[in-house]
Amino acid sequence: MKDTIILAIESSCDETSCAILKNDELVANIVSTQIEVHQKYGGVMPEIASRLHLENIICVIDEALNKANITLEDVDAFAVTRGPGLIGALHVGLQAIKTLSLIYNKPIIPVHHLCGHIYANEYIDELKFPLLAVVVSGGNTELVLMKDNLEFEIIGETKDDAIGESFDKVARVLGLPYPGGIQIDKLAKEGKHTYNLPTPLHDGSLNVSYSGLKTAVINLVHKLEQNHETVNIKDLAKSFQDIAVNMIIDRVKKAVNQYEIKEIVLAGGVSANSYLREEITRIFKDTNIKVIIPPLWCTTDNAAMIAKVASHLYKKKIFAPLSIGVDPSWRIEDYNKF
Ligand code: KG4
């Protein structure tokens, strides 16, 4: 039987990536990161991100084809992250895929970025439904109930900032480099929870809020500086991280009580957080709910996760016309609407 080959592109933020899946086996996953460039500005500069994607996209495609030892003629479908993400950055990936689709007359598969983060976990284990996906990233924070394969229902989400965004902004006020999440994670390991910070949003729902917590840390740091008092960065990192992570864990516990859930899956950049990984594992250890923790390479943006979702969509023939555009705020529930 002929091989089924999917080529996927990810360019939603600051990583340009191309992956190739051959009969569901990952044969290439090339990632070019722009982090060093954005570090100079303390965060991702959207215009610079788009330009770097343009410079890098052909290189990652070429490298992936070489690694997989195939040519573009062998590809059966071209997949791409359509959203959510930075509009200009998304356009680079989509235009590349449209061009390839037009030249080689093969279908386009548009993929939702957060579906990608969830399905990245399939590289380590089969997903069992109903599952609760805890999507925690730089741009999104959502609890997604999946009653079945490719069925998504947002049952809780942030009312303002994403959790990763709050880690990055708190890190910035503490003078730590971008992306700040990993720096806070490291410092918190050596700190104590000594600072009294508010836990916002107690409305009993499954929603979260990070803007108030972030502002409280920023105000505290400014006040201490004005009074010429030193900030204990390790303790403040620990105090902030405890509240930020415990807020999401509290909603996960509530969700598990409200819905029938067999499995919990962590997804997105903040799922690299060591305290979150330890706590979720510890809390559900002796229960009949299985917890899947993604390997660290799956927590950062990559096209392998986009290719994984695309393989499911390919089987269902969920293809897009050449007129398709990007959607920077695409909802996961609308993953098949474009
Ligand atoms: O998934 P991702 O690339 O963002 C989006 O696609 O939106 O995740 C990046 C986010 C950044 O905010 C980064 O600070 C955070 O993930 N992050 C972490 C850790 N590693 C990355 N946050 C907390 N602890 C970490 N270890």
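In listed order, ligands and their atoms are each counted from 1. In this chain, numbering begins with 1 at the start of the sequence shown.
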J.: May I ask you to decide if the ring planes of Tyr104 and Phe78 are parallel, tilted or perpendicular, using 30° and 60° as cut-offs?
T.: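 Tyr104 vs Phe78 ring planes: tilted.
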J.: Mind checking whether Glu165 has an N or O less than 3.5 Å away from an N or O of ligand 1?
T.: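 N/O-N/O distance under 3.5 Å: no.
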J.: Please state which protein non-hydrogen atom is closest to atom 18 (C) of ligand 1 and give its distance, to 0.1 Å?
T.: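 Protein heavy atom at minimum distance: Gly181 CA, 3.6 Å.
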J.: Would you mind running through ligand 1 and noting each atom that sits below 4.0 Å from a heavy atom of Gly138?
T.: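 That gives atoms 2 (P), 4 (O), 5 (C), 7 (O), 8 (O), 9 (C), 10 (C), 12 (O) of ligand 1.
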J.: Tell me, which protein residue and heavy-atom name are nearest atom 24 (N) of ligand 1, and how many Å apart are they?
T.: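 That would be Asn273 ND2, 3.0 Å.
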J.: Check this for me: does any side-chain nitrogen of one of Lys337 and Asp327 sit under 4.0 Å from a carboxylate oxygen of the other?
T.: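 No salt bridge links Lys337 with Asp327.
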J.: Within the 4.0 Å heavy-atom shell around Gly164, which atoms of ligand 1 are there?
T.: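 Close to Gly164: 12 (O).
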J.: Check Arg51 with Glu47, please: is the shortest side-chain N to carboxylate O separation under 4.0 Å?
T.: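 Between Arg51 and Glu47 there is a salt bridge, with a charged N closer than 4.0 Å to a carboxylate O.
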J.: Ring centres of Phe167 and Phe240 under 6.0 Å apart?
T.: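 Under 6.0 Å, so yes.
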J.: In the protein, which heavy atom is nearest to atom 3 (O) of ligand 1, and how far is it?
T.: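 Nearest protein contact, heavy atoms only, for atom 3 (O) of ligand 1 is Asp301 OD1, 3.4 Å.
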J.: For Val270, which part has a heavy atom under 4.0 Å from ligand 1: side chain, backbone, both, or neither?
T.: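 Looking at Val270 and ligand 1, atoms from backbone and side chain both fall under 4.0 Å.
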J.: In terms of hydrophobic clusters joined by side-chain contacts under 4.5 Å, are Phe152 and Ile261 together?
T.: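 No; tracing contacts between hydrophobic side chains, which count when under 4.5 Å, never links both residues.
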J.: Measure up the Phe338 and Trp330 rings against each other and bin them: parallel (under 30°), tilted (30 to 60°), perpendicular (over 60°).
T.: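 Correct class here is perpendicular.
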J.: Judged by modelled atom types alone, do Tyr195 and Asp242 share a side-chain donor-acceptor pair under 3.5 Å?
T.: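 Asp242 and Tyr195 do not have a side-chain donor-acceptor pair below 3.5 Å.
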J.: Please list, in number order, the atoms of ligand 1 under 4.0 Å from a heavy atom of Asp185.
T.: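 Near Asp185, the atoms of ligand 1 are 24 (N), 25 (C), 26 (N).
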J.: Looking only at heavy atoms of His113, does any of them come nearer than 4.0 Å to an atom of ligand 1?
T.: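 Contact check His113 vs ligand 1: positive.
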J.: Is it true that atom CG of Asp203 has more than 12 heavy atoms of other residues, nucleotides or ligands lying nearer than 6.0 Å?
T.: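 Enclosed.
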J.: Hey, are Glu10 and His113 close enough side-chain-wise for a donor-acceptor pair under 3.5 Å?
T.: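 There is such a pair (donor and acceptor under 3.5 Å, judged by atom type) between the side chains of His113 and Glu10.
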J.: Identify, for atom 7 (O) of ligand 1, the protein heavy atom at the shortest distance, and state residue, atom and that distance.
T.: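 Of every protein heavy atom, Gly139 N, 2.9 Å lies nearest to atom 7 (O) of ligand 1.
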J.: With a 4.0 Å heavy-atom cut-off (strictly under), which part of Asp168 contacts ligand 1: side chain, backbone, both or neither?
T.: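 The part of Asp168 near ligand 1 is the side chain, not the backbone.
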J.: Note the single closest protein heavy atom to atom 21 (C) of ligand 1, along with its residue, its atom name and the distance in Å.
T.: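 Answer for atom 21 (C) of ligand 1: Gly269 O, 3.4 Å.
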J.: Which atoms of ligand 1 sit under 4.0 Å from any heavy atom of His117?
T.: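 So the atoms of ligand 1 that pass are 1 (O).
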